[in-house]
Amino acid sequence: MGRIRPNAFDGPLSSLFRDPVARVLEEARIVGNMEQTVSMLSESTKLDYKTVKSALQHLKKFGYVSETRKIGNAQAYRFNVENELHPLLDCVAELQHSKRTRH
């Protein structure tokens with residue numbers, strides 16, 4: 001996939017998996033059911049446009065995101081992240097927190 005811009009955030013999933021798809025999934029956790037465009041996701045995740053587009057196509061194959069409507073010329077997407085993802089995020093966040101407190 002593409003390049004990650006410097007100073008990109010490190011949420012629980014991306015700190016564990018170090019993958020652009022993880023960064024996009026973390027944004028899904030943050031925005032919930034709100035529609036997002038590739039540009040919006042690119043800005044919020046600090047990933048380049050092509051990387052976000054590729055991550056969305058990957059997540060679309062697994063049913064985690066779906067296309068909704070066009071906003072101007074931009075395609076909007078809505079995340080379909082089910083509650084099964086939340087225990088994983090909670091576990092990873094706890095690991096991340098305990099790792100920080102040990103240092």
Side-chain angles (χ1 to χ4, degrees):
M1 290 191 193
R3 297 182 314 189
I4 297 174
R5 294 182 194 148
N7 300 323
F9 73 92
D10 273 336
L13 278 175
S14 61
S15 67
L16 180 65
F17 296 115
R18 295 288 179 204
D19 186 283
V21 173
R23 290 184 189 272
V24 174
L25 277 174
E26 285 180 354
E27 187 64 17
R29 180 179 61 95
I30 293 166
V31 301
N33 203 26
M34 192 173 91
E35 290 179 313
Q36 298 277 296
T37 65
V38 176
S39 294
M40 293 165 74
L41 287 165
S42 177
E43 184 176 327
S44 63
T45 60
K46 309 296 186 234
L47 296 169
D48 65 41
Y49 185 93
K50 288 182 181 181
T51 300
V52 171
K53 184 79 171 165
S54 177
L56 286 171
Q57 294 307 313
H58 178 75
L59 292 169
K60 187 177 169 186
K61 288 179 195 175
F62 293 98
Y64 287 116
V65 70
S66 57
E67 294 178 352
T68 56
R69 62 189 171 108
K70 290 277 193 170
I71 301 174
N73 290 331
Q75 178 64 55
Y77 295 86
R78 178 167 282 136
F79 292 103
N80 304 320
V81 180
E82 300 294 327
N83 287 336
E84 292 86 27
L85 184 61
H86 293 286
L88 172 64
L89 292 171
D90 292 340
C91 178
V92 173
E94 182 60 35
L95 286 171
Q96 187 180 37
H97 177 70
S98 66
K99 185 177 176 182
R100 284 186 196 146
T101 56
R102 281 190 246 157
H103 294 297

Closest non-hydrogen atom pair, [X] against [Y]:
| X | Y | value |
| --- | --- | --- |
| Thr37 | Ala74 | CG2-CB, 3.9 Å |
| Ala55 | Val24 | CB-CG2, 3.8 Å |
| Pro20 | Thr51 | CB-CG2, 3.4 Å |
| Leu41 | Val52 | CB-CG1, 3.6 Å |
| Tyr49 | Ser42 | N-OG, 3.6 Å |

Sort and list the pairs that fulfil salt bridge (charged side-chain N to carboxylate O under 4.0 Å, His left out) and have at least one residue in residues 52-61, not counting sequence neighbours.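 Matches after skipping sequence neighbours: Lys60-Glu67.
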
Test side chain to side chain contact (heavy atoms under 4.5 Å, CB included), reference Gln36, set Leu56, Val31, Thr45, Ile71, output is Val31

Starting at CD of Glu27, measure out to CD of Glu43 and round the result to the nearest 0.5 Å.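 That separation rounds to 10.0 Å.
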
Under the rule for side chain to side chain donor-acceptor pair (under 3.5 Å), what residues qualify as partners of Thr68, not counting sequence neighbours? Glu35

